[in-house]
Amino acid sequence: MKRWNIVLTGFGTVGKQIARLLQERKDRYRQLYQADVRLVGVARSIGGLYDPHGLAEEGLNAFAQEKKAAASAWNAEAWLAKTEADILIEAGPSDVQTGGASLGFIRQALTKGMHAIAVSKGALVVDYSGLSALAKEQGVQLKISGATAAALPTIDLFTYNLAGCEIRHVEGIFTGTTNFVLTSMMEEGISSEEAIRRAQAMGIAEPDPTYDIEGFDTASKLTILANAAFAAPIKLSDIPRASVREVTPEQIAEWKQSGRVPKLVGTIRPTADGIQAAVELKAVEASHPFARVKGTTKAIRVETDVMGDLMVVGGKSDPVAAAAAALKDLEHILSK
Ligand SMILES: NC(=O)C1=CN([C@@H]2O[C@H](COP(=O)(O)OP(=O)(O)OC[C@H]3O[C@@H](n4cnc5c(N)ncnc54)[C@H](OP(=O)(O)O)[C@@H]3O)[C@@H](O)[C@H]2O)C=CC1
Ligand SMILES: N[C@@H](CC=O)C(=O)O
């Protein structure tokens with residue numbers, strides 16, 4: 001039985017589900033992969049826990065309840081440096097401008113020879129190519145399912161299922177929150193503000209929902225996918241974005257009347273001038289397959305040269321499903 005020590009940075013909505021599923025699946029890992037998987041470290045913004053033998057549930061529960069002490073400061077880098085672990089799972093905030101603390105955590109883990117599984121997007125948006133080169137150099141894996149629409153297969157579709165194909169066009173509904181907001185406005189007649197509040201209550205909206213609503217979340221996923229699946233050096237700022245915030249009651253009435261359905265669609269298209277990506281608000285005809293993709297459901301449609309076109313719909317948008325996507329990555333590492 002091989003021992004696999006895991007550290008988790010970010011112990012919020014998704015991080016807690018990762019910790020819970022890791023515990024629940026211990027026997028599965030033992031039976032399928034002869035792997036003794038232990039969560040040995042967990043970090044929040046206020047501090048970290050580490051036990052080389054594995055963290056107990058009671059300790060984790062108490063840590064989750066801890067409040068920030070006034071003027072407390074802790075050194076996350078020093079904490080990570082002292083942990084002895086094989087895999088980092090990064091589930092902290094997505095800071096897509098600087099990469100934030102997540103970028104440092106992933107760099108540090110890869111440099112230490114650990115595999116890294118990213119659920120947050122910031123580090124990958126800012127420096128996917130640097131991180132992936134570092135992982136290669138260190139002979140470890142950098143897995144990114146959680147950051148690229150999570151339970152909806154995207155990166156795995158390109159790297160496993162469509163390996164060898166020429167991808168001619170990709171379009172997708174990559175953000176559960178915006179699809180939920182648009183569907184709620186169309187079908188329940190509620191305001192975008194009310195729909196955003198509901199998406200926040202479900203735990204799928206980003207801490208600042210502007211990031212979803214103004215198309216940054218979709219654009220971030222496109223940036224990561226363009227770099228990871230197409231080796232295209234696209235930056236977030238290269239991608240034109242549309243916002244769901246600007247949708248007016250008049251537009252909703254007009255779409256309803258014409259039988260069209262609004263969707264925030266992300267596209268990636270290889271062209272003679274390189275990879276083009278965009279986030280657009282499209283009113284699709286009722287006959288378009290995206291018209292039936294409702295609520296928090298996501299979808300991806302891919303055109304290829306020799307495998308034809310294919311579309312995947314679903315992959316639940318919720319914190320448990322996002323955690324499960326990170327642990328799918330974990331199983332791919334354990335199985336190697
Ligand atoms: N929610 C979802 O459905 C999905 C989310 N994601 C991505 O997953 C990530 C986590 O999302 P979610 O769990 O909803 O977010 P939360 O805001 O609930 O949790 C973020 C966690 O990160 C911790 N944190 C913040 N700064 C630091 C730091 N400097 N060092 C260590 N930990 C830190 C927070 O600490 P503290 O507890 O002290 O506040 C908190 O525990 C995000 O990047 C998001 O984009 C991806 C797919 C789906
Ligand atoms: N905010 C995102 C969650 C993770 O990527 C969404 O709504 O899909």
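One-based numbering, in listed order, for ligands and for the atoms of each. All values derive from a computational prediction rather than experimental measurement. In what follows, residues are counted from 1 in the order of the sequence shown.
- By the 4.0 Å heavy-atom criterion, T9 is excluded from the residues contacting ligand 1.
- Here the protein heavy atom with the shortest distance to atom 41 (O) of ligand 1 is F11 N, 2.9 Å.
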request  = Dump the intermediate steps for side-chain contact (heavy atoms from CB on, under 4.5 Å) on F290 and N179, then the final yes or no.
outcome  = CA-CA 10 Å; F290 282 178; N179 205 37; over 6 Å; no
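- The structure places CG of N227 at 8.5 Å from CD1 of I224, a figure rounded to the nearest 0.5 Å.
- In this structure, CG in L124 is found 6.0 Å from CG in L142, a value given to the nearest 0.5 Å.
- Judged by a 6.0 Å distance limit and a 45° cone about the ring axis, R198 is not positioned over the six-membered ring of F180.
- A salt bridge links E187 with K294; the closest basic N to acidic carboxylate O contact falls under 4.0 Å.
- Residue contacts with ligand 1 for A321 are absent, since no atom lies close enough (heavy atoms, distance under 4.0 Å).
- Within the 4.0 Å heavy-atom shell around ligand 1 one does not find Y211.
- Within 4.0 Å of ligand 2, contacts by protein heavy atoms are made from K121, T175, G176, T177, I204, E206, D212, D217, K221.
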ask   = R197 and Q200: side chain to side chain donor-acceptor pair (under 3.5 Å), yes or no, with the steps?
value = CA-CA 5 Å; R197 273 194 290 278; Q200 283 177 309; over 6 Å; no
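- Of the polar atoms of A150, none of the N or O atoms is found under 3.5 Å from an N or O of ligand 1, judged by distance alone.
- Counting all heavy atoms, side chain and backbone alike, I173 lies closest to K298 at O-CB, 3.1 Å.
- The shortest N/O to N/O separation between R44 and ligand 1 falls below 3.5 Å.
- Panel note: side chain K121, backbone S220; no donor-acceptor pair is recorded below 3.5 Å.
- In this structure, a donor-acceptor pair under 3.5 Å is present between the side chains of R20 and Q17.
- Here is the list of ligand 1 atoms found below 4.0 Å of a heavy atom in K121: 45 (O).
- Counting heavy atoms only, G146 comes closest to atom 47 (C) of ligand 1 of the residues G146, G15, S45.
- Counting only N and O atoms by type, the side chains of E171 and T267 include no donor and acceptor under 3.5 Å apart.
- There is a protein heavy atom closer than 4.0 angstrom to atom 8 (O) of ligand 1.
- Counting only heavy atoms of the protein, atom 42 (C) of ligand 1 lies nearest to G92 O, 3.2 Å.
- Residue contact check for ligand 1: A76 places no non-hydrogen atom closer than 4.0 Å to it.
- Atom 17 (O) of ligand 1 has its closest protein heavy atom at P207 CG, 3.8 Å.
- Residue T13 approaches ligand 1 through these ligand atoms, each under 4.0 Å from one of its heavy atoms: 13 (O), 14 (O), 18 (O).
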request  = Would you check, one step at a time, whether the test side chain to side chain donor-acceptor pair (under 3.5 Å) holds for R269 with T271?
outcome  = CA-CA 6 Å; R269 180 186 283 283; T271 71; over 6 Å; no
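- At a 3.5 angstrom cut-off on N or O pairs, S120 does not count as close to ligand 1.
- Note that the CD1 atom of I89 and the CD1 atom of I6 stand 4.5 Å from one another [nearest 0.5 Å].
- Looking at D329 and S145, their side chains do bring a donor and an acceptor atom within 3.5 Å of each other.
- Remark: ligand 1 and V14 share an N or O pair separated by less than 3.5 Å (distance only, no angle test).
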